[in-house]
Amino acid sequence: AAASGRAEVVAPANAMPADCERITPSMLPLVTLTQEQIDAAVAGVPGGARNVQDIYPLAPLQEGILYHHVSTSEGDPYLLQALFSLPSRERVAGFLDAFQQVIDRHDILRTRIVWTGLDEALQVVCRQAPLAASELVLDARQGDIGRQLQARFDPRHYRLDLRQAPLMRVAYARDEANDRWVLVLLIHHMT
């Protein structure tokens, strides 16, 4: 890094042990919070403080994205949708397992956003964040299965709860007419 003229940046060590029962202000090197604010940020985390790896503020771009999310009552302009076609139920399970492994390895994918009762919105990184996946039974007489999935989770009408990590969701359905499984992956741009 010295040859490029850039100074090396050293991130502070994580001060939260995995078995932490309560997070205190001294454990948060990236943000200054009162105990009451920390408790509010941790309140909705499944597993409580034991499932919190870190807490820090939003970046300015994220603040703008959150503003649009909060000020909109229907849909979310920052929700992205991807459609996949898979040959078997086993491949769907493999996709979900592989994607969960990616989530497990990357902090940003295990992050939830909290703002209620706080002076500023925060990112709360969870140690574990299981991907929400649901199998749907759709009727091919209602049209193409992929189009049905896209319509059901259309970002103009559908929203993710940013307070729940990961900020993504999967839904999938059997497409008998085309002998395949169709999967829709929703990812919020906040990640």
Taking atom [atom1] of [X] and atom [atom2] of [Y], what is their separation to the nearest 0.5 Å?
X    : Y    : atom1 : atom2 : result
E36  : I38  : CD    : CD1   : 11.0 Å
Y56  : D54  : OH    : CG    : 6.0 Å
Q81  : R152 : CD    : CZ    : 12.5 Å
H188 : L80  : NE2   : CG    : 8.0 Å
I113 : L167 : CD1   : CG    : 6.0 Å

Using side-chain heavy atoms (C-beta onward) and a distance below 4.5 Å, is [X] in contact with [Y]?
X    : Y    : result
L186 : V170 : no
L109 : M168 : yes
D76  : P155 : no
L183 : L83  : no
R50  : D19  : yes
M190 : R112 : no
Q123 : I55  : no
Q53  : D107 : yes

(request) Check the surroundings of atom CZ in R89: do more than 12 heavy atoms from other residues, nucleotides or ligands lie under 6.0 Å from it? (result)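 For R89, atom CZ is crowded (more than 12 foreign heavy atoms under 6.0 Å).
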Any chance the side chains of [X] and [Y] put a donor and an acceptor closer than 3.5 Å?
X    : Y    : answer
Q35  : D39  : yes
Q150 : D154 : no
R110 : Q128 : no
R159 : T72  : no

Judged by atom type as modelled, is there a donor-acceptor pair below 3.5 Å linking the side chain of [X] to the main-chain atoms of [Y]?
X    : Y    : result
Q100 : A129 : yes
Q62  : A59  : yes
H106 : I108 : no
Q164 : D161 : no
N51  : C126 : no
Q37  : E120 : no

(request) Go through W181 and E135 one step at a time and tell me if the side chain to side chain contact (heavy atoms under 4.5 Å, CB included) criterion holds. (result) CA-CA 10 Å; W181 287 80; E135 181 176 341; 3.4 Å; yes
(request) Report the residues that fulfil side-chain hydrogen bond (donor to acceptor under 3.5 Å, both in side chains) with H157, sequence neighbours left out, ordered by chain and then residue number. (result) E74
(message) Below 30° counts as parallel, above 60° as perpendicular, anything between as tilted: where do the rings of Y158 and F153 land?
(response)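 Ring orientation, 0 to 90° scale: perpendicular.
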(request) Measure up the W115 and H69 rings against each other and bin them: parallel (under 30°), tilted (30 to 60°), perpendicular (over 60°). (result) perpendicular
(request) Please assess V125 against V52 for the test side chain to side chain contact (heavy atoms under 4.5 Å, CB included), listing each intermediate value before the final yes or no. (result) CA-CA 6 Å; V125 181; V52 174; over 6 Å; no
(request) Walk me through it: do V114 and L118 pass the test side chain to side chain contact (heavy atoms under 4.5 Å, CB included)? (result) CA-CA 8 Å; V114 294; L118 299 170; 3.7 Å; yes
(message) Any carboxylate oxygen within less than 4.0 angstrom of a Lys/Arg side-chain nitrogen, looking at D144 and R180?
(response) yes
Would you say [Y] ends up clustered with [X] if hydrophobic residues are merged whenever their side chains have heavy atoms under 4.5 Å apart, either directly or through other cluster members?
X    : Y    : answer
V42  : L122 : yes
L66  : L61  : yes
V184 : V102 : no
L33  : V124 : yes
I103 : F95  : yes

Can you give me the closest heavy-atom contact between [X] and [Y], atom names plus distance?
X    : Y    : value
R169 : S134 : NH2-OG, 3.0 Å
R127 : P17  : NH2-O, 3.3 Å
F84  : L185 : CE1-CB, 3.9 Å

(message) I need the single residue from L138, L136, D179, V92 that forms a side-chain contact (heavy atoms from CB on, under 4.5 Å) with R174. Which is it?
(response)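 Among L138, L136, D179, V92, the one meeting side-chain contact (heavy atoms from CB on, under 4.5 Å) with R174 is D179.
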(message) Is there a side chain to side chain contact (heavy atoms under 4.5 Å, CB included) between I23 and M16? Walk through the geometry before answering.
(response) CA-CA 7 Å; I23 298 166; M16 283 182 245; 3.5 Å; yes
